[in-house]
There are 2 protein chains.
Amino acid sequence: MSRRVTLQTVADAVGVSRTTVSNAYSRPDQLAPDLRRRILGVAADLGYAGPDPAARSLRRGRAGAVGLLFNEALGYAFTDPAAVMFLQGVAEAGEPAHVGLLLLPAPPGAPEAPGVRDAVVDGFLVYSVPDGYPGLRAVLDRRLPTVTVDEPVAPGPGPAPGFVGIDDRAGARAVARHLLDLGHRRVGVVTDRMAPDDRRGRYDPAGYREAPSRVGHERLAGYADALTAAGVAWPGVPIVEEFPNTVAAGRAAAAALLDVADPPTAILAITDQLALGVLLAARDRGLAVPGDLSVTGFDDVPAAALADPPLTTVRQPLVEKGRAAARLLLDLIAERPTRRVDLPADLVVRASTAPPRSP
Amino acid sequence: MSRRVTLQTVADAVGVSRTTVSNAYSRPDQLAPDLRRRILGVAADLGYAGPDPAARSLRRGRAGAVGLLFNEALGYAFTDPAAVMFLQGVAEAGEPAHVGLLLLPAPPGAPEAPGVRDAVVDGFLVYSVPDGYPGLRAVLDRRLPTVTVDEPVAPGPGPAPGFVGIDDRAGARAVARHLLDLGHRRVGVVTDRMAPDDRRGRYDPAGYREAPSRVGHERLAGYADALTAAGVAWPGVPIVEEFPNTVAAGRAAAAALLDVADPPTAILAITDQLALGVLLAARDRGLAVPGDLSVTGFDDVPAAALADPPLTTVRQPLVEKGRAAARLLLDLIAERPTRRVDLPADLVVRASTAPPRSP
DNA sequence: TTGTACGCGTTATCAT
DNA sequence: ATGATAACGCGTACAA
């Protein structure tokens with residue numbers, strides 16, 4: 001077995017210095033064109049695959065890629081339309097800058113995050129990962145430029161992370177008020193996991209060991225704002241927690257809300273995915289939406305508009321969120337001045353909401 | 001400005017050798033636990049971010065990540081449900097192995113593919129990229145373990161690429177035969193780009209400078225098999241080419257097929273996305289599906305079942321394709337024996353097809 | 001359990 | 001236009 005082919009091998013074969021071969025690849029203008037051709041030719045004959053990216057990255061101090069961390073298993077992320085749209089935005093903004101996107105495996109369960117430690121990247125994008133997740137700590141420990149999305153983090157040892165988010169509370173307030181304006185007073189709430197504790201069932205704000213997710217907290221607070229202002233006792237509104245953020249989970253959570261003596265006339269779901277599940281649960285029980293039950297979501301993923309009936313929800317600019325996050329990170333990496341980005345969240349009224357049958 | 005903190009800095013501060021500090025991070029069992037704690041403590045005080053991944057990767061010869069190349073701009077890939085499901089499968093299979101997924105920016109337009117050249121990876125996954133694309137050449141030049149999906153490539157200078165695909169021809173034949181069995185004889189075809197030439201409009205097999213995509217070629221061949229066998233003259237069936245693979249493109253392509261004197265009673269779309277667009281084009285013209293027009297797709301993405309009417313199509317196991325591709329690549333990287341993987345493609349009859357109104 | 005010595009493959013700098 | 005030299009930061013025999 002012969003030794004691995006490197007710049008030196010090629011240099012020796014051509015009879016020039018390593019530097020010249022390097023230039024042939026990385027700075028074509030520093031070279032006589034025909035010498036360059038000769039070098040490339042010999043390299044091809046020798047089976048040289050080009051400058052080693054790891055060595056190159058080590059020497060130059062740049063990686064040409066950014067790492068992405070998700071709050072769930074990677075396979076799941078591609079199941080969540082909101083995450084996919086975010087990724088789309090990131091890709092759109094990153095492509096012109098020629099940066100690769102390194103998706104990191106960091107399941108919430110595993111305390112270690114070897115993928116994060118070994119990632120050859122210039123910075124990190126952290127999507128919707130509440131402070132306290134082990135993978136997030138590993139990211140912060142890398143002390144690289146970092147942007148968190150949706151969930152702000154306590155500043156760590158490294159540079160202060162950038163942040164991109166929306167006004168979840170105002171959005172939630174708007175959709176809850178919409179329901180109240182229609183006349184609803186008996187409402188229920190379906191929420192995704194509120195903290196890494198992985199609880200299911202009746203939500204009880206007390207007793208969480210881990211810090212809650214900002215998004216969950218804010219959306220619930222927005223609902224509370226509106227309901228309280230309308231005289232509906234907020235602790236008293238039934239809230240069911242389920243995960244992950246899927247249609248199936250929404251269906252299950254709605255069951256707990258619906259199968260009681262005096263069911264709500266409207267259900268606020270904290271995400272569209274969950275709301276889609278609530279729609280199914282209503283159908284399971286022969287309940288007409290919005291006749292017997294009004295249902296609202298949050299996010300406005302494409303499926304929301306296509307649902308039957310089309311979902312009243314809160315729109316957030318998901319793709320733009322990805323673009324903004326990527327731009328912010330690129331600015332951070334280039335040491336350009338940056339600022340926090342807050343995107344809007346607007347109520348979108350469609351056909352899944354109507355006045356309650358019996359007020 | 002002080003010098004950058006490295007293993008050596010920490011070693012000096014603690015009064016041990018570099019090796020020991022390295023072990024503290026990478027081989028905890030080679031160390032007295034309390035010495036390790038002291039080292040880690042000093043490292044934290046010094047602001048040491050841990051072993052540099054580029055240097056580590058250079059030294060060990062492994063990257064812990066695989067590169068992914070797409071046939072379209074990255075931003076677009078997240079728009080294509082089939083691509084997203086593929087990614088989901090890849091992520092599922094890659095996560096247990098702790099491999100990162102490096103999504104590479106390589107727009108078909110750009111002849112250079114710097115992202116590919118600089119990718120610190122152990123292998124490549126190439127999704128649906130026809131031989132001849134510049135980015136693909138760059139991948140092959142890296143001479144790393146590679147798996148191509150859907151489109152086989154001519155063996156290059158490096159190791160022979162693995163391949164994962166489905167029996168597109170059989171699937172296409174089945175769906176075309178289904179239409180023929182229903183009594184259709186006047187059909188039209190809508191296809192995605194057949195080659196990198198980026199043509200739109202009436203398809204003419206001649207005159208392409210670039211090699212055609214295998215998938216497109218095979219699916220058309222499958223249609224031809226069935227139609228010819230039923231006595232329908234294949235060159236004679238109108239075929240319209242559009243791109244990219246989107247609902248909008250399908251709508252536009254269908255218009256060209258429908259707005260003629262003697263329109264087809266059925267349209268075979270080469271992908272579900274395009275078929276969904278055909279459905280829209282039919283609605284635009286007040287044509288009932290399947291009453292006035294039968295429509296078929298290919299892929300069976302989730303939206304196909306949810307369409308109005310639900311789409312008759314050919315199912316391919318998209319997520320499984322991703323898993324298989326990732327497993328194959330991992331095997332290749334580990335120098336385990338591998339084989340080509342062929343997945344099934346099955347006809348799924350739903351409500352978008354029926355006998356023609358007037359035979 | 002800890003230290004020594006060397007090499008991983010490249011690019012920046014400066015000289016020629 | 002080309003070459004010599006010195007980092008870049010780390011892992012791993014091997015010896016102690």
Side-chain angles (χ1 to χ4, degrees), chain A residues 2-40 42-43 46-64 114 117-122 142-144, chain B residues 2-40 42-43 46-64 114 117-122 142-144:
Chain A
S2 80
R3 191 180 172 61
R4 173 165 180 197
V5 180
T6 100
L7 268 190
Q8 185 70 65
T9 320
V10 178
D12 292 348
V14 180
V16 295
S17 82
R18 243 167 28 207
T19 306
T20 302
V21 179
S22 174
N23 284 337
Y25 282 94
S26 306
R27 309 170 69 162
D29 50 323
Q30 300 294 307
L31 215 61
D34 50 343
L35 173 55
R36 179 173 134 92
R37 254 189 302 280
R38 210 172 84 226
I39 291 176
L40 263 29
V42 173
L46 258 37
Y48 179 56
D52 181 303
R56 180 186 260 239
S57 176
L58 171 60
R59 181 63 239 223
R60 315 220 302 197
R62 295 186 303 100
R117 270 188 35 176
D118 285 352
V120 182
V121 296
D122 299 317
R142 284 288 303 272
R143 296 164 194 261
L144 289 177
Chain B
S2 79
R3 191 180 171 60
R4 171 166 182 197
V5 179
T6 131
L7 266 190
Q8 185 66 262
T9 320
V10 178
D12 293 348
V14 180
V16 296
S17 84
R18 237 173 36 206
T19 307
T20 304
V21 180
S22 173
N23 284 338
Y25 282 94
S26 306
R27 312 169 68 166
D29 49 325
Q30 302 293 307
L31 215 63
D34 51 343
L35 172 55
R36 179 172 132 93
R37 253 190 302 280
R38 209 172 85 225
I39 291 177
L40 262 28
V42 173
L46 257 37
Y48 179 56
D52 182 303
R56 179 186 262 244
S57 175
L58 170 59
R59 187 59 242 232
R60 318 216 314 196
R62 295 186 304 98
R117 268 189 35 176
D118 285 353
V120 182
V121 296
D122 299 317
R142 284 289 301 273
R143 297 165 193 260
L144 288 178

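All chains are named by letter (A, B, ...) in the order of the sequence lines, taking the proteins before the strands, and each is independently numbered beginning at 1. Computation of the quantities below employed the complete heavy-atom set of this structure, encompassing side-chain atoms and omitting hydrogens, waters and symmetry-equivalent molecules.
A sub-4.0 Å separation between OP1 or OP2 of C:dT11 and a side-chain N or O of A:Ser26 is present. Within the structure, a side-chain polar atom (N or O) of B:Arg56 is placed less than 4.0 Å from OP1 or OP2 of D:dG11. The side chain of B:Thr20 contributes an N or O atom lying less than 4.0 Å from OP1 or OP2 of C:dG3. The phosphate of C:dG9 has neither OP1 nor OP2 within less than 4.0 Å of any side-chain N or O from A:Thr6. Contact check, B:Arg4 against D:dG9: a side-chain N or O comes under 4.0 Å of OP1 or OP2. A:Tyr25 has no side-chain polar atom (N or O) that falls below the 4.0 Å cut-off from OP1 or OP2 of C:dG9. Residue B:Ser22 places at least one side-chain N or O closer than 4.0 Å to OP1 or OP2 of D:dG11. Here B:Arg18 does not reach the OP1 or OP2 of C:dT2: none of its side-chain N or O atoms lies under 4.0 Å away.
Side-chain atoms of B:Leu35 lie closest to C:dT2 of the nucleotides C:dA12, C:dT2, D:dA1. With C:dG3, D:dG11, C:dT10 as the choices, the nucleotide that has an atom nearest any side-chain atom of B:Val16 turns out to be C:dG3. Of the listed nucleotides (C:dT2, C:dT10, D:dG11), D:dG11 has the atom at the smallest distance from the side chain of B:Arg59.
A donor-acceptor contact under 3.5 Å links the side chain of A:Thr19 to the base of D:dA4.
Considering only heavy atoms from C-beta on, B:Thr20 comes within 4.5 Å of B:Leu35 through its side chain.
Rounding to whole angstrom units, CG of residue B:Asp52 and P of C:dT10 are separated by 17 Å. In this structure, A:Arg60 places its CZ atom 16 Å from C1' of D:dA7, rounding to the nearest Å. Going from atom CG of B:Asp12 over to atom C1' of C:dG3 covers 13 Å, rounded to whole Å. Between the CZ atom of B:Arg117 and the C1' atom of C:dT11 there is a distance of 13 Å, given to the nearest Å. As a whole-Å value, the separation of A:Gln8 CD from D:dA4 C1' is 11 Å. For the pair A:Leu7 CG and C:dG7 C1', the interatomic distance rounds to 15 Å; values are reported in whole Å.
Summary of the strand contacts: B:Ala32 and A:Leu58 both lie near DNA chain C, and taking for each the nucleotide with the nearest heavy atom, the more 5' one is attributed to B:Ala32. Nearer the 5' end of DNA chain D, as judged by each residue's closest nucleotide, is the contact made by A:Leu31, out of A:Leu31 and B:Pro53. Comparing B:Asn23 and A:Ala55 by the nucleotide of DNA chain C that holds the closest heavy atom to each, the one mapping nearer the 5' end is B:Asn23.
Of all the heavy atoms in A:Leu31 and A:Ile39, the pair that sits closest is CD2-CD1, 4.4 Å.
Distance check: A:Thr9 OG1 to A:Arg18 CZ gives 10.5 Å after rounding to the nearest 0.5 Å.
In this structure, B:Arg27 reaches the sugar-phosphate backbone alone: every heavy-atom distance under 4.0 Å involves primed, P, OP1 or OP2 atoms, never a base. Counting non-hydrogen atoms under 4.0 angstrom, A:Gln30 reaches a base of the nucleic acid.
With sequence neighbours left out, the side chain to side chain contact (heavy atoms under 4.5 Å, CB included) criterion links A:Ala54 to A:Asp52, B:Ser57, B:Leu58, B:Val120.
The backbone N or O of B:Gly50 sits nowhere less than 3.5 Å from a side-chain atom of A:Arg117 that would complete a donor-acceptor pair. Of the possible donor and acceptor atoms, none in the side chain of A:Asp122 sits under 3.5 Å from a partner among the backbone N and O of A:Arg62.
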